[in-house]
Amino acid sequence: MSARPLLRMSDAANGILAAAGLVVVAALTATSFGAAARLALEGFLVGIWGFYVLQLTDTLMALGARDGRASVPEATIDLIAVIVPLVGFLFASTRDQSLYCGVWLLKPLRHSTFFRLLGRVVSRAAPNLIGVTSLFGIVLFGASLVAYLIERDIQPEKFGSIPQAMWWAVVTLSTTGYGDEIPQTLGGRVLAGLVMMSGIGIFALWAGILATGFFEEVRRQDFVRNWQLVAAVPLFEKLGSAAFVEIVRALRPRVVPAGAIICRKGEAGDQMFFIVEGRVSIATPSPTPIELGPGSFFGEMALITGEPRSATVSAATEVSLLSLYSEDFQMLSSSNPEIADVIRKTADERRGVAPRH
Ligand code: CMP
């Protein structure tokens with residue numbers, strides 16, 4: 001029997017297993033256990049290691065099959081998680097053997113979308129991050145040099161060289177302030193104040209660059225995903241590229257579970273919906289409810305007439321929707337009257353009104 005079902009565990013479960021192993025590694029260094037307890041904990045580590053051997057086999061097989069289930073970085077992490085503890089077991093002293101399992105810290109990275117996102121953010125923001133890091137280096141060196149000049153005669157044991165003063169500058173610039181090196185002169189204290197303020201500014205710049213990078217990356221991903229969803233709606237096929245970009249920005253994706261009510265009869269409606277995948281059921285007065293599927297839209301009547309919702313609409317299956325708010329519908333109407341016309345005509349037909357010409 002293939003071991004794959006066992007190995008198809010979720011990333012969260014994988015992370016919990018690695019965390020449990022690391023807790024045991026830490027516990028083995030912190031407390032003096034009796035021989036039996038120590039053996040049991042080490043046995044637990046061996047169990048995790050055995051599981052990682054199976055996982056590595058699975059990853060390597062998937063990599064060999066090129067079925068897209070495994071990547072080289074993933075396989076590298078799986079290999080390190082097996083090899084390093086094995087090396088520790090074979091060559092390290094008994095006391096240090098379990099420490100080699102510390103490489104399991106890498107395990108949560110193997111599939112993590114967050115770390116991939118972080119990598120993209122850092123590489124895109126690299127020029128600005130390098131700029132701020134250079135500024136950090138300039139302030140650090142400048143502050144160390146001035147502190148050395150001011151304090152060297154009074155505290156030669158702490159500020160007797162630029163490298164010594166640099167430790168003080170790092171601690172001050174990061175506003176950590178261990179208090180092991182304190183300027184004694186007035187000039188030194190004024191300098192310390194300036195360095196602290198520069199530090200706050202530099203860390204704020206780093207945080208700002210990363211926060212903006214994350215925001216832009218998530219927005220870019222949303223845009224690409226929306227693009228694919230909007231392309232699946234036939235009504236938008238005829239749009240020119242500029243109008244398409246406009247509508248991609250305007251539509252908001254939403255997934256509704258089967259059975260959930262999307263809009264209720266009698267409520268005010270400020271948005272309409274396009275179905276990308278799945279089906280919705282519309283409770284009209286007719287004996288059988290009307291079902292709509294991918295490519296259709298609903299909720300347009302309230303948007304056009306300003307009247308309350310004419311029927312309750314619920315998700316017949318899990319349904320992926322794109323919603324268009326009334327202000328964006330106005331924008332679409334003025335830039336693409338043909339699409340707005342199709343929507344208006346459909347609304348008229350559904351209400352049983354003769355289409356306007
Ligand atoms: P609205 O009235 O905003 O909210 C309920 C929606 O159900 C309505 O817009 C239409 O999109 C849809 N709807 C109502 N009646 C019908 C019908 N007879 N056929 C198809 N769709 C309908």
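Along the sequence shown, the residues carry numbers beginning at 1. Predicted, not measured: the structure shown is a model, and the values here were computed from it. Whatever order the structure lists them in is the order used to number ligands and atoms, beginning at 1. Side-chain atoms are counted along with the backbone in the values below, which use heavy atoms only and exclude waters and symmetry mates.
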> Looking at ligand 1, does any of its N/O atoms fall within less than 3.5 Å of an N/O of Leu292?
Replying inline: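 Among all N and O atoms of Leu292, none is under 3.5 Å from an N or O of ligand 1.
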
>> I want to know if ligand 1 touches Thr284 in the polar sense, i.e. an N/O pair below 3.5 angstrom.
In response: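 In this structure, Thr284 places no N or O atom under 3.5 Å from an N or O of ligand 1.
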
Looking only at protein heavy atoms, which one is nearest to [atom], and how far off is it?
atom	answer
atom 22 (C) of ligand 1	Arg350 CD, 3.7 Å
atom 6 (C) of ligand 1	Gly299 N, 3.8 Å
atom 13 (N) of ligand 1	Ile282 CG2, 3.8 Å
atom 4 (O) of ligand 1	Arg309 CD, 3.2 Å
atom 8 (C) of ligand 1	Ser310 OG, 3.7 Å

Relative to the heavy atoms of [X], which atoms of ligand 1 are at a distance of less than 4.0 Å?
X	value
Val313	5 (C), 6 (C), 7 (O)
Ile290	17 (C), 18 (N), 19 (N)
Phe298	11 (O)
Ala302	1 (P), 2 (O), 3 (O)

Between [X] and [Y] (salt bridge meaning N to carboxylate O under 4.0 Å), is one present in this structure?
X	Y	answer
Glu217	Arg220	yes
Glu181	Lys158	no
Asp348	Lys345	no

> More than 12 non-hydrogen atoms from neighbouring residues, nucleotides or ligands closer than 6.0 Å to CZ on Arg124, yes or no?
Replying inline: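 Correct, the count exceeds 12.
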
> For ligand 1, is Ala311 a contact, meaning one of its heavy atoms is under 4.0 Å away?
Replying inline: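 Under 4.0 Å: yes for Ala311.
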
>> Can you pull out every side-chain hydrogen bond (donor to acceptor under 3.5 Å, both in side chains) where at least one residue sits in residues 295-316? Sequence neighbours excluded, please.
In response: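 Those involving residues 295-316 are Glu300-Arg350.
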
> Side chain, backbone, both or neither: which part of Arg351 comes within less than 4.0 Å of ligand 1 when only heavy atoms are counted?
Replying inline: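 It is neither part, as no heavy atom is under 4.0 Å.
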
> Looking at Gln97 and Phe89, what are the two nearest heavy atoms and their distance?
Replying inline: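 Reported closest heavy-atom pair: NE2-O, 3.0 Å.
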
> Considering residues at least two apart in sequence or located in another chain, which fulfil the side-chain hydrogen bond (donor to acceptor under 3.5 Å, both in side chains) criterion with Arg249?
Replying inline: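 Not a single residue meets the side-chain hydrogen bond (donor to acceptor under 3.5 Å, both in side chains) criterion with Arg249.
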
> Step by step, would you call Glu151 with Thr185 a side chain to side chain donor-acceptor pair (under 3.5 Å)?
Replying inline: CA-CA 7 Å; Glu151 296 283 328; Thr185 61; 2.6 Å; yes

> Parallel, tilted or perpendicular: which describes the rings of Trp104 and Tyr52, with under 30° parallel and over 60° perpendicular?
Replying inline: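 Rings of Trp104 and Tyr52: perpendicular, over 60°.
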
